[in-house]
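Accompanying notes for the structure given below.
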Amino acid sequence: QVQLVESGGGLVQPGGSLRLSCAASGSISGSIFWFYDMAWYRQAPGQQRELVATIVSGGSANYVDSVKGRFTISRDNARNTVYLQMNSLKVEDTAVYYCNAERPRAGPWQYRGPYWGQGTQVTVSS
């Protein structure tokens with residue numbers, strides 16, 4: 001009963017921008033969404049899935065070196081949504097981008113996840 005739905009992908013020229021959205025529903029949405037750590041991954045053809053950006057429940061974010069200064073991850077807990085703003089896109093950013101959710105084990109609460117969306121295609125080409 002967990003759903004993560006990505007949107008916002010498309011075809012852009014190098015140097016362009018896109019904003020990806022990940023909408024959560026089901027058992028991780030609502031009042032408990034705040035407790036989940038969210039992330040964006042990407043996978044290019046023939047490559048392993050790569051962690052791009054993370055944002056924890058407290059709002060702290062981390063990025064893979066290749067996107068630092070260009071991508072920004074954010075979340076709106078009231079809307080059960082995570083975003084990835086991608087600027088100055090490069091050809092090497094071309095991949096399917098996936099949304100991920102996890103709730104770490106903490107005190108009496110057990111680990112939950114990982115949960116994955118179906119992905120959204122981002123193609124950067126001139």
(message) Surrounding CD of Q43 (heavy atoms of other residues, nucleotides or ligands, distance under 6.0 Å), is the total greater than 12?
(response) yes
(request) Mark yes or no for whether T54, through its side chain, and A39, through its backbone, hold a donor-acceptor pair below 3.5 Å. (result) no
(message) Atom CD of residue position E92 - does it have more than 12 heavy atoms of other residues, nucleotides or ligands inside 6.0 Å?
(response) yes
(request) Examine L84 and V12 and state if one hydrophobic cluster contains both, with Ile, Leu, Val, Met, Phe, Trp and Tyr joined whenever side-chain heavy atoms are less than 4.5 Å apart. (result) yes
Let me check something: any side-chain donor-acceptor pairs from residues 25-35 under 3.5 Å, sequence neighbours excluded? List them with distances.
unit_1	atom_1	unit_2	atom_2	d
S25	OG	Q3	OE1	3.3
S29	OG	G26	N	3.4
S29	OG	G26	O	2.7

(request) Please report the closest heavy-atom contact between L20 and G9, naming both atoms and the distance. (result) CD2-N, 3.6 Å
(request) Report the C-alpha distance between E50 and Y41 in whole Å, list the side-chain angles of each, state the deciding distance to 0.1 Å, and finish with yes or no for side-chain hydrogen bond (donor to acceptor under 3.5 Å, both in side chains). (result) CA-CA 5 Å; E50 174 189 34; Y41 288 73; over 6 Å; no
(message) In the structure I gave you, are the side-chain heavy atoms of Y115 and R103 within less than 4.5 Å of one another anywhere?
(response) no
(request) Return the minimal non-hydrogen interatomic distance between A44 and A95, and the atom names on each side. (result) N-CB, 3.8 Å
(message) Per the ring-ring contact (aromatic ring centres under 6.0 Å, His included) rule, what does the pair list look like for residues 66-110, sequence neighbours excluded?
(response) none
(request) State which residues pass side chain to side chain contact (heavy atoms under 4.5 Å, CB included) with Q110; sequence neighbours excluded, sorted by chain then number. (result) R105, R112
(message) Looking at every heavy atom in both M38 and C99, which two are closest together, and how far apart are they?
(response) CE-SG, 3.8 Å
(message) Less than 4.0 angstrom from a charged side-chain N to a carboxylate O is my criterion; do D93 and K90 meet it?
(response) no
(message) Quick check: closest heavy atoms across L4 and A24, and the distance to 0.1 Å?
(response) CD2-CB, 3.6 Å
(message) Between Y63 (side chain only) and I73 (backbone N and O only), is there a donor and an acceptor less than 3.5 Å apart?
(response) yes
(message) Test your reading of the model: is there a side-chain donor-acceptor pair from R42 to the backbone of V122, 3.5 Å cut-off?
(response) no
(request) Would you give the length of the straight line joining atom CZ of R75 to atom SG of C22, rounded to the nearest 0.5 angstrom? (result) 10.0 Å
(message) Check whether D37 reaches the backbone of S57 with its side chain - one donor and one acceptor, N or O, closer than 3.5 Å.
(response) yes
(message) So if I apply the side chain to side chain contact (heavy atoms under 4.5 Å, CB included) rule between P14 and each of S126, S88, S125, which one comes out positive?
(response) S126
(request) Give the intermediate values and the outcome of side-chain contact (heavy atoms from CB on, under 4.5 Å) for residues Q118 and V5. (result) CA-CA 7 Å; Q118 294 298 303; V5 180; over 6 Å; no
(request) Report yes if the side chains of L89 and L18 come closer than 4.5 Å at any heavy-atom pair, otherwise no. (result) yes
(request) Check each of T120, V82, V96 against E6 using the side chain to side chain contact (heavy atoms under 4.5 Å, CB included) test, and report the only one that passes. (result) T120
(message) Measuring only between side-chain heavy atoms, which start at C-beta, is N100 closer than 4.5 Å to W40?
(response) no
(message) Distance check, rounded to the nearest 0.5 Å: R70 atom CZ versus S17 atom OG?
(response) 10.0 Å
